[in-house]
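Heads up: the structure comes next, in structure tokens.
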Amino acid sequence: MPSNNEWMNRVKAVEREHTAMRFASEYLLNAVQQDPTALKGNLRVRDVNESVERLEGTYTIRLFAEFETSLRTYWLASRITDPPSRTRDLLDGVAARCRIPHDHIQNAHAVREYRNVLVHERDEDVDPIPIALSRRHLCMFLSFLPIEW
Amino acid sequence: MSAVPHADQLRDEWLERLSSLIQKVQTWADELGWSTRQIEVNVTDSQIGKYKAPALLLQEDAIRVLLEPIARSAPGAEGVVDLYLMPAYDDIASLYLHDDGWHVHYMFPESPTVGDIRDAASKPLSQVTLREVLDAMKHNAVQ
């Protein structure tokens, strides 16, 4: 079973991957803006442009997926019951068990709510959270879980 | 994942370089008054496969730092190790192995501001530069 630090590392790895993809996609966008004929098939410059614009959101969703998996894994390892199906309840349940300070719980919920807006394309008035800050909030939450479980 | 010939040898050479770096930084950090502990981390490399690599935890008072291997090779470098402020995993500095030595990429106070650690000015790794980085990081962490 991965240790707590390993779960945090997985979350951080998603951010690293985003950094690499952002560099690659911006490089590509710059290249195809200079020479649109470089694109093949039905690809258009606007498709590349949109992928660049949505990249951070896409990786924020992945970031949260790793985080959620770690919480469900912890729940299953430490309790007899199945984890709650609602992610909100999962966060609150783990936070209560691990006595996580209120600020860190609220920050993790903020990332969850932003993720929900991204996934469900809601029109809610939620401020975008930079991926580095999302990673920070989620790692801080995870840091209160036991080292091994 | 495509294994390269002599993957075992490449891995062993890399681990030897890493171990030497970790041991050196641990010795320096101990002398600077930090508590240190070596740990193992799991690494996956597309060419040499999965392996366990040494990493180093440093702590002084409430400040905890992790020195963690990232990649055996990168453009222009033969190894990359990152320094993070824990537990948030905030980027502090990157160490690149090139020209037979480790170099620290960090936004030193006198350096021009850049958007990414990897674009920051670099200095050869030494106990002096390590102390500079850790002192600056402590100063920022308490603000």
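In this text the structure is predicted, and so the values were computed from the model without any measurement. Letters A, B, ... are given to chains in the order of the sequence lines, protein chains preceding strands, and every chain is numbered from 1.
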Output yes when a side-chain donor or acceptor of Ser20(B) lies under 3.5 Å from a complementary backbone atom of Glu16(B), and no otherwise.
->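 Not confirmed, Ser20(B) side chain does not pair with Glu16(B) backbone.
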Do Arg10(A)'s NZ or CZ and the ring of Trp7(A) fall within the cation-pi criteria of under 6.0 Å and 45°?
->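 Judged by the rule (NZ or CZ under 6.0 Å from the ring centre, within 45° of its axis), Arg10(A) counts as positioned above Trp7(A).
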Has Arg79(A) got its NZ or CZ under 6.0 Å from the middle of the six-membered ring of Trp75(A), at an angle within 45 degrees of the ring axis?
->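 Verdict for Trp75(A): a cation-pi partner in Arg79(A).
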Does the pair Glu78(B) and Arg72(B) meet the rule for a salt bridge (charged side-chain N to carboxylate O under 4.0 Å, His left out), with working shown?
-> CA-CA 6 Å; Glu78(B) 297 152 43; Arg72(B) 181 183 55 86; over 6 Å; no
Mind checking which of residues 127-146 of chain A sit less than 4.5 Å from chain B, heavy atom to heavy atom?
->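 Interface residues of residues 127-146 of chain A: Arg135(A), Arg136(A), Cys139(A), Met140(A), Ser143(A).
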Interface moiety of Asn42(B) toward chain A, non-hydrogen atoms closer than 4.5 Å =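 Looking at Asn42(B), just its side chain touches chain A.
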Asp8(B)/Arg11(B) salt bridge by N-O under 4.0 Å criterion =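 Looking at Asp8(B) together with Arg11(B), the answer is yes, because their closest N to O distance falls below 4.0 Å.
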Short N-O contact, Arg16(A) and Glu68(B), less than 4.0 angstrom |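 A salt bridge is present here (some side-chain N lies under 4.0 Å from a carboxylate O).
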